[in-house]
Asker: 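Have a look at this one before I ask anything.
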Amino acid sequence: MLFNRKYSLKKQLLASFLVSTAMISTPAVAQHQTDESGDGLWHAFGAYASDYNYCDAVMIGKLWNKDGQAGMEFILNKIQNGLASDVPLYLRDSRNAGNRCTFEEIEYAYENALAIANFWGVGIAQAKAIMTEQISLGNSAYVTNALDQALAGQNSNTPDSSRERAWEAYASSNYGFCDAKMVASLWNTDILEGKYTIGRKIMNGIADDVPYVRQQSYDAGNRCAFEDTEFTYDDAVAFARNEGLNVQQAKLSIAMLRSNGNGHRVLRTAYPQ
């Protein structure tokens with residue numbers, strides 16, 4: 001009974017706020033308020049829409065070419081009218097339409113992105129892009145956990161010991177020289193740094209990012225040479241024979257496949273069962 005009374009009071013307070021800001025209760029996004037009511041809107045959003053963040057509001061606003069304030073008002077309006085379950089549906093529609101927040105709209109500072117970049121072993125621009133994408137898709141916990149781990153680990157390792165362990169993680173993985181070259185090429189660093197990057201991702205439990213980075217590098221036009229792969233001349237001869245190519249053409253095809261993470265297709269083609 002006490003819970004119901006508290007909930008009723010909370011709903012009355014929210015209703016009072018919505019009435020005072022002249023919000024509408026139709027499916028259309030409400031016209032956003034002037035700067036005068038901005039503080040009140042942020043307070044109400046934080047108090048009554050705590051399951052959502054500003055990026056969520058931006059995503060909903062984008063459905064109707066409105067701003068984040070309009071999105072906040074829309075979410076609050078849905079909650080006030082007992083239609084809170086509609087909000088995830090609108091967010092889904094916005095995501096499916098390809099809408100995304102900018103880094104400035106996800107409420108993280110540059111220092112947070114820098115810490116996560118170091119933790120993930122990526123450049124700052126890449127960290128911002130991943131953070132923004134994940135939060136736009138509703139995966140805020142992914143970024144929160146990454147930042148918590150990044151901050152917790154900032155003082156736990158010396159640079160030398162961290163690089164040594166990253167090297168060991170890379171060396172004991174299934175990734176090779178071509179993978180390191182593709183990662184390094186994306187950020188214009190040397191191949192040794194590419195190996196460290198792969199190792200750090202493995203250490204931090206985000207090894208699944210490596211194929212994603214490699215694909216980005218491939219899409220940017222980067223390629224390994226045949227000599228960068230683990231395949232031999234005999235593999236190229238066998239591949240050429242089964243594909244009707246000469247050896248040089250086979251080498252180029254093998255390098256292309258390996259650069260794109262499809263090295264398994266080389267052996268399947270060269271040595272069919």
Side-chain angles (χ1 to χ4, degrees), residues 116-127 129-131 133-134 139 142-143 145-146 149-150 153 156-243 245 247 249-273:
I116 287 178
N118 292 332
F119 175 65
W120 283 341
V122 301
I124 185 70
Q126 180 71 11
I130 295 173
M131 292 167 69
E133 179 74 5
Q134 291 298 322
N139 299 325
Y142 178 86
V143 177
N145 292 338
Q149 293 177 62
S156 63
N157 300 303
T158 64
D160 287 345
S161 67
S162 177
R163 286 170 75 85
E164 181 180 342
R165 290 183 312 159
W167 170 262
E168 291 172 354
Y170 162 78
S172 60
S173 74
N174 292 324
Y175 294 107
F177 185 89
C178 178
D179 301 306
K181 181 176 181 178
M182 292 294 288
V183 170
S185 296
L186 183 62
W187 296 307
N188 296 315
T189 60
D190 59 50
I191 294 173
L192 181 59
E193 189 58 40
K195 293 178 180 180
Y196 287 138
T197 297
I198 291 173
R200 283 192 291 266
K201 286 182 176 293
I202 294 169
M203 287 165 51
N204 293 322
I206 51 172
D208 288 347
D209 279 359
V210 177
Y212 172 74
V213 174
R214 183 180 56 209
Q215 184 63 48
Q216 280 197 313
S217 186
Y218 184 88
D219 292 343
N222 298 313
R223 299 290 186 273
C224 295
F226 177 77
E227 292 73 22
D228 297 325
T229 75
E230 62 272 27
F231 299 107
T232 67
Y233 179 82
D234 289 341
D235 295 330
V237 170
F239 187 94
R241 182 175 57 246
N242 291 319
E243 286 290 285
L245 305 171
V247 174
Q249 290 171 328
K251 284 183 175 182
L252 291 173
S253 293
I254 289 171
M256 182 86 67
L257 288 168
R258 184 63 181 83
S259 298
N260 200 23
N262 290 313
H264 60 283
R265 290 176 54 188
V266 174
L267 294 179
R268 259 205 327 257
T269 302
Y271 309 106
Q273 296 291 328

Asker: Of the non-hydrogen atoms in Arg200 and Asn118, which two are nearest, and what is the gap between them?
Answerer: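 Closest heavy-atom pair between Arg200 and Asn118: CD-O, 4.3 Å.
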
Asker: Under 3.5 Å, is there a donor on one side chain and an acceptor on the other for Tyr271 and Asn242?
Answerer: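 No pair is found: no donor N or O on one side chain lies under 3.5 Å from an acceptor on the other.
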
Asker: Without swapping roles, check the side chain of Ser173 against the backbone of Tyr170 for a donor-acceptor pair under 3.5 Å.
Answerer: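 Yes, the answer is positive, given that a donor and an acceptor are paired below the 3.5 Å cut-off.
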
Asker: How close do Gly176 and Asp179 get, heavy atom to heavy atom, and via which atoms?
Answerer: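 The answer is N-OD2, 2.8 Å.
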
Asker: Going by ring-ring contact (aromatic ring centres under 6.0 Å, His included), name the residues that satisfy it together with Trp187, two or more places apart in sequence or in a different chain.
Answerer: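 Trp187 satisfies ring-ring contact (aromatic ring centres under 6.0 Å, His included) with no residue once adjacent residues are dropped.
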
Asker: Should Phe231 and Leu257 count as side-chain neighbours, where that means a heavy-atom distance under 4.5 Å?
Answerer: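 The answer is no, as the side chains (C-beta and beyond) never meet within the 4.5 Å cut-off.
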
Asker: For Met182 and Arg214, which heavy atoms make the closest approach, and how far apart are they?
Answerer: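 Minimum heavy-atom separation between Met182 and Arg214: CE-O, 3.8 Å.
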
Asker: Can you check whether Leu192's main-chain N or O pairs, donor with acceptor, with Asp190's side chain at less than 3.5 Å?
Answerer: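 Side chain of Asp190 to backbone of Leu192: a pair is present.
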
Asker: Could you check Tyr233 against Lys251 for side-chain contact (heavy atoms from CB on, under 4.5 Å), going step by step and ending with a plain yes or no?
Answerer: CA-CA 8 Å; Tyr233 179 82; Lys251 284 183 175 182; 4.2 Å; yes

Asker: Are any non-hydrogen side-chain atoms of Gln126 and Tyr212 less than 4.5 angstrom apart?
Answerer: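 Yes, side chains in contact.
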
Asker: Identify the two heavy atoms, one from Phe226 and one from Ala236, that lie closest to each other, and give their separation to 0.1 Å.
Answerer: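 That would be CZ-CB, 4.0 Å.
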
Asker: Checking side chain to side chain contact (heavy atoms under 4.5 Å, CB included) between Val183 and each of Asp209, Thr197, Thr189, Ile191, which is the one that passes?
Answerer: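 Single side chain to side chain contact (heavy atoms under 4.5 Å, CB included) partner of Val183 among Asp209, Thr197, Thr189, Ile191: Thr197.
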
Asker: For the residue pair Tyr218 and Met256, establish whether any side-chain heavy-atom pair is separated by less than 4.5 Å.
Answerer: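 Yes - at least one pair of side-chain heavy atoms lies under 4.5 Å apart.
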
Asker: Check whether Ser185 reaches the backbone of Lys181 with its side chain - one donor and one acceptor, N or O, closer than 3.5 Å.
Answerer: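 Yes; at least one donor-acceptor contact below 3.5 Å.
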
Asker: What is the distance from atom CG of Asn222 to atom SG of Cys178, rounded to the nearest 0.5 Å?
Answerer: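 Atom-to-atom, Asn222:CG and Cys178:SG are 10.5 Å apart.
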
Asker: What are the two closest heavy atoms between Phe239 and Ala250, and how far apart are they?
Answerer: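 For Phe239 and Ala250, the tightest heavy-atom pair comes out as CD2-CB, 3.8 Å.
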
Asker: For Arg265, does the CZ atom have more than 12 heavy-atom neighbours from other residues, nucleotides or ligands under 6.0 Å away?
Answerer: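 Check fails, neighbour count at 12 or below.
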
Asker: With rounding to the nearest 0.5 Å, note down the distance linking CH2 in Trp167 to CE in Met203.
Answerer: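 If I round to the nearest 0.5 Å, the distance is 14.5 Å.
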
Asker: Determine yes or no for a side-chain-to-main-chain donor-acceptor pair under 3.5 angstrom, with Thr229 supplying the side chain and Ala255 the backbone.
Answerer: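 Here the side-chain-to-backbone pair does not exist.
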
Asker: Minimum heavy-atom separation for Ala169 to Ile202, with atom names?
Answerer: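 Reported closest heavy-atom pair: O-CD1, 3.7 Å.
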
Asker: Does the side chain of Glu230 come within less than 4.5 Å of Arg258's, by heavy atoms?
Answerer: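 Yes, their side chains come closer than 4.5 Å.
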
Asker: Kindly check if the number of other-residue, nucleotide or ligand heavy atoms within 6.0 Å of CG (Asp219) is above 12?
Answerer: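 Yes, CG of Asp219 has more than 12 neighbouring heavy atoms, counting only those of other groups under 6.0 Å.
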
Asker: Listed by chain and number, what are the salt bridge (charged side-chain N to carboxylate O under 4.0 Å, His left out) partners of Lys195, not counting sequence neighbours?
Answerer: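 For Lys195, no residue satisfies salt bridge (charged side-chain N to carboxylate O under 4.0 Å, His left out) once neighbours in sequence are set aside.
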
